[in-house]
Chemist: 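I am attaching a structure below and will ask some questions about it afterwards.
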2 protein chains.
Amino acid sequence: MTKKRAILKAATLLFATKGYNDTSMNEVARMTASASATIFYHFKNKEELYLAVLENVKDRILGDFSAYFSRKHFKTGLDMVEGIIDFYLYMAGILEDGFQLLHHYYTYRLAQENPVCRRHLEAVYDVLVSLLEEAIRKGQQDGSIVETPPRKGALIVLSTVDSVVRFNTYNLFDAGALYDDLTKSCRRMLESR
Amino acid sequence: MTKKRAILKAATLLFATKGYNDTSMNEVARMTASASATIFYHFKNKEELYLAVLENVKDRILGDFSAYFSRKHFKTGLDMVEGIIDFYLYMAGILEDGFQLLHHYYTYRLAQENPVCRRHLEAVYDVLVSLLEEAIRKGQQDGSIVETPPRKGALIVLSTVDSVVRFNTYNLFDAGALYDDLTKSCRRMLESR
DNA sequence: CCTTAAACTGACTGTCGAGTCAGTTTTTGG
DNA sequence: CCAAAAACTGACTCGACAGTCAGTTTAAGG
């Protein structure tokens, strides 16, 4: 069982850094000191391996987010939004490969024809949108957040955060320096005045 | 010369919708009713074709943005920010394939080793960031925009808009319905109060 | 009309990678 | 200790695709 895990881990790294097509099964095999046939023993084919990687990423994200926000409580809805953003950035740091995978076009293309893939993707974004939506609702009740459709607000905040993370890993410009301003900007976007 | 154009156009469509690796030269050839050798007559190899496509996209974006904003004038900096966002969304509509290409991981990977690719990418984002920065500076002078580092503000706005467009083409959720709220949210993010 | 260059093509090659399979090694638990 | 299942592997196939080349067709203009 430990070899299967190693394969999954190596595949995550390679898929994330080189993309699906430029990652060969031989490479994954080499990286785990196994024969490529071993990979096909554990995973039916390359696509299944990719799906397994995705599922694993999904599980980790769902698990960590649920765990954190089921315990944690916040004074205001706006504070909760900030908490979500911070935790997202934190997660994107430890699970860098996983998040990068979520930004690959290949993943979305696959999702359009493969329901399993689509479910994984949706599960990840659903937990984030739902949390943000809940925070916004809460904020509208405690008066910290302006009246606006909660779901739309949630989607826009998510877009912003997701995009900064994406720009950061692609390092087009120094998006890492934006992490601080990001929370401030999102606060300004939502806060009631 | 018209055949070269047709090849470029077909390649843009295919690269955008299927990705670099899943687009074969034969497919491009078939789509333009030519032999694959013809493509290699016009473009040295597949990568060069991709770069040519990118350059073309860059030129169109730079051209249209410069043309529009060299003429157009705005009352306030905040209005200008809104104008830029609107024009961005408009452009993302007509030049859908081009913008999609800019979101592909492959493009960023290539940019890391290929200076030509990097220059194209930077040129596109530079024109957008610069425009937004200019608008924010203007807004800070006329009092419509809050005091905040202009470049950072520009990057965050760009992230948000770019991401909504991306989500829209990937149609994970109905991001198209966000276009209206997008401008409002960005206004709230920047306006002085 | 003829020459020359540009545009184009069919048929080919070589490589690389996904996937298979028959067989070997390791693990398990009775 | 042994049987049987699970884990693993080397050597192979087969197809797809980027890229080449020698040659043909088309266009230009003198």
Side-chain angles (χ1 to χ4, degrees), chain A residues 1-56 97 101 104-107 109-114 116-117, chain B residues 1-56 101 104-114 116-117:
Chain A
M1 263 325 139
T2 190
K3 190 135 217 174
K4 193 172 177 182
R5 271 222 115 56
I7 290 170
L8 216 59
K9 204 175 155 188
T12 308
L13 176 67
L14 288 171
F15 282 144
T17 53
K18 311 188 62 174
Y20 181 81
N21 278 291
D22 287 333
T23 297
S24 78
M25 298 303 255
N26 273 314
E27 233 171 328
V28 180
R30 219 178 309 132
M31 206 170 196
T32 52
S34 45
S36 71
T38 305
I39 302 176
F40 289 102
Y41 170 75
H42 287 293
F43 305 93
K44 199 165 106 247
N45 51 39
K46 194 179 179 184
E47 189 173 311
E48 286 262 317
L49 173 59
Y50 193 76
L51 289 174
V53 166
L54 260 190
E55 180 167 27
N56 187 44
D97 292 341
L101 233 40
H104 284 199
Y105 179 57
Y106 183 82
T107 311
R109 240 177 91 62
L110 187 59
Q112 297 204 321
E113 58 178 39
N114 184 316
V116 178
C117 180
Chain B
M1 265 320 142
T2 190
K3 191 134 217 178
K4 193 172 177 183
R5 271 222 113 57
I7 290 171
L8 216 59
K9 203 175 155 187
T12 308
L13 176 66
L14 288 172
F15 283 144
T17 53
K18 311 188 64 175
Y20 182 81
N21 279 292
D22 288 333
T23 298
S24 76
M25 298 303 255
N26 272 313
E27 232 172 328
V28 180
R30 219 178 308 131
M31 208 170 194
T32 53
S34 47
S36 71
T38 305
I39 302 177
F40 289 101
Y41 170 75
H42 288 293
F43 305 92
K44 198 166 108 247
N45 52 38
K46 195 179 178 183
E47 191 173 310
E48 287 263 316
L49 173 59
Y50 193 76
L51 289 174
V53 166
L54 261 189
E55 180 168 28
N56 187 43
L101 234 40
H104 284 198
Y105 179 56
Y106 182 82
T107 310
Y108 294 87
R109 239 177 92 62
L110 187 59
Q112 297 204 323
E113 57 178 40
N114 185 316
V116 177
C117 180

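Basis for what follows: all heavy atoms, side chains included, without hydrogens, waters or symmetry-related copies. Residue numbering restarts at 1 for every chain, and letters A, B, ... go by the order of the sequence lines.
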Chemist: Rounding to a whole Å, what distance do you find between A:Asn26:CG and D:dA11:C1'?
Modeler: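 Value for this atom pair: 12 Å.
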Chemist: Please test A:Val116 against A:Leu54 for side-chain contact (heavy atoms from CB on, under 4.5 Å), starting from the C-alpha separation and ending with a verdict.
Modeler: CA-CA 10 Å; A:Val116 178; A:Leu54 260 190; over 6 Å; no
Chemist: Give a yes or no on whether the backbone of B:Leu101 and the side-chain of B:Thr107 come within a donor-acceptor separation of less than 3.5 Å.
Modeler: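 The answer is yes, because a donor-acceptor pair under 3.5 Å joins these two groups.
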Chemist: For the backbone of B:Ser36 and the side chain of B:Arg30, can you confirm whether one donor and one acceptor N or O come within less than 3.5 Å of each other?
Modeler: no
Chemist: Rounding to an integer number of Å, can you tell me how far B:Glu48 CD sits from D:dA18 C1'?
Modeler: 14 Å
Chemist: May I ask you to evaluate whether B:His42 reaches the phosphate of C:dC8, defined as a side-chain N or O under 4.0 Å from OP1 or OP2?
Modeler: yes
Chemist: Figure out the NZ/C1' separation between B:Lys3 and D:dT25, and round it to whole Å.
Modeler: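 Spelled out: NZ on B:Lys3 to C1' on D:dT25 is 12 Å.
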Chemist: Rounded to whole Å, how long is the line connecting atom OH of B:Tyr50 with atom C1' of D:dA18?
Modeler: 17 Å
Chemist: Look at the rings of A:Tyr106 and A:Tyr50 and say which category their plane angle falls in: under 30° parallel, 30 to 60° tilted, over 60° perpendicular.
Modeler: perpendicular
Chemist: Would you check, one step at a time, whether the test side-chain contact (heavy atoms from CB on, under 4.5 Å) holds for B:Met25 with B:Phe43?
Modeler: CA-CA 11 Å; B:Met25 298 303 255; B:Phe43 305 92; 5.9 Å; no
Chemist: Is there a side-chain contact between B:Tyr41 and the phosphate of C:dC8, meaning an N or O under 4.0 Å from OP1 or OP2?
Modeler: no
Chemist: By nearest atom, which of the nucleotides D:dA18, C:dA18, C:dC8 is closest to the A:Phe40 side chain?
Modeler: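 Given the options D:dA18, C:dA18, C:dC8, the side chain of A:Phe40 is closest to C:dA18.
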Chemist: Do you know the tightest heavy-atom contact between A:Asn114 and A:Glu47?
Modeler: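 Answer, listing the atom of A:Asn114 first, then A:Glu47: ND2-OE2, 3.1 Å.
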Chemist: In whole angstrom, give the distance that lies between atom CG of B:Asp22 and atom P of C:dA18.
Modeler: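 My rounded result for the distance is 12 Å.
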Chemist: Do you know the tightest heavy-atom contact between A:Thr17 and B:Arg109?
Modeler: O-NH1, 3.0 Å
Chemist: Within residues 30-38 of chain A, which residues have any heavy atom lying less than 4.0 Å from an atom of DNA chain C?
Modeler: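 When residues 30-38 of chain A is checked for heavy atoms under 4.0 Å from DNA chain C, the hits, listed by number, are A:Ala37.
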Chemist: Rounded to the nearest Å, what distance is computed from the CG atom of residue B:Asn45 to the C1' atom of nucleotide D:dG19?
Modeler: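 B:Asn45 atom CG is separated from D:dG19 atom C1' by 9 Å.
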Chemist: Send over the distance from B:Asn21 CG to D:dC17 P, rounded to a whole Å.
Modeler: 11 Å
Chemist: Rounded to whole angstrom units, what separation is found between the CE atom of A:Met25 and the P atom of D:dA11?
Modeler: 20 Å
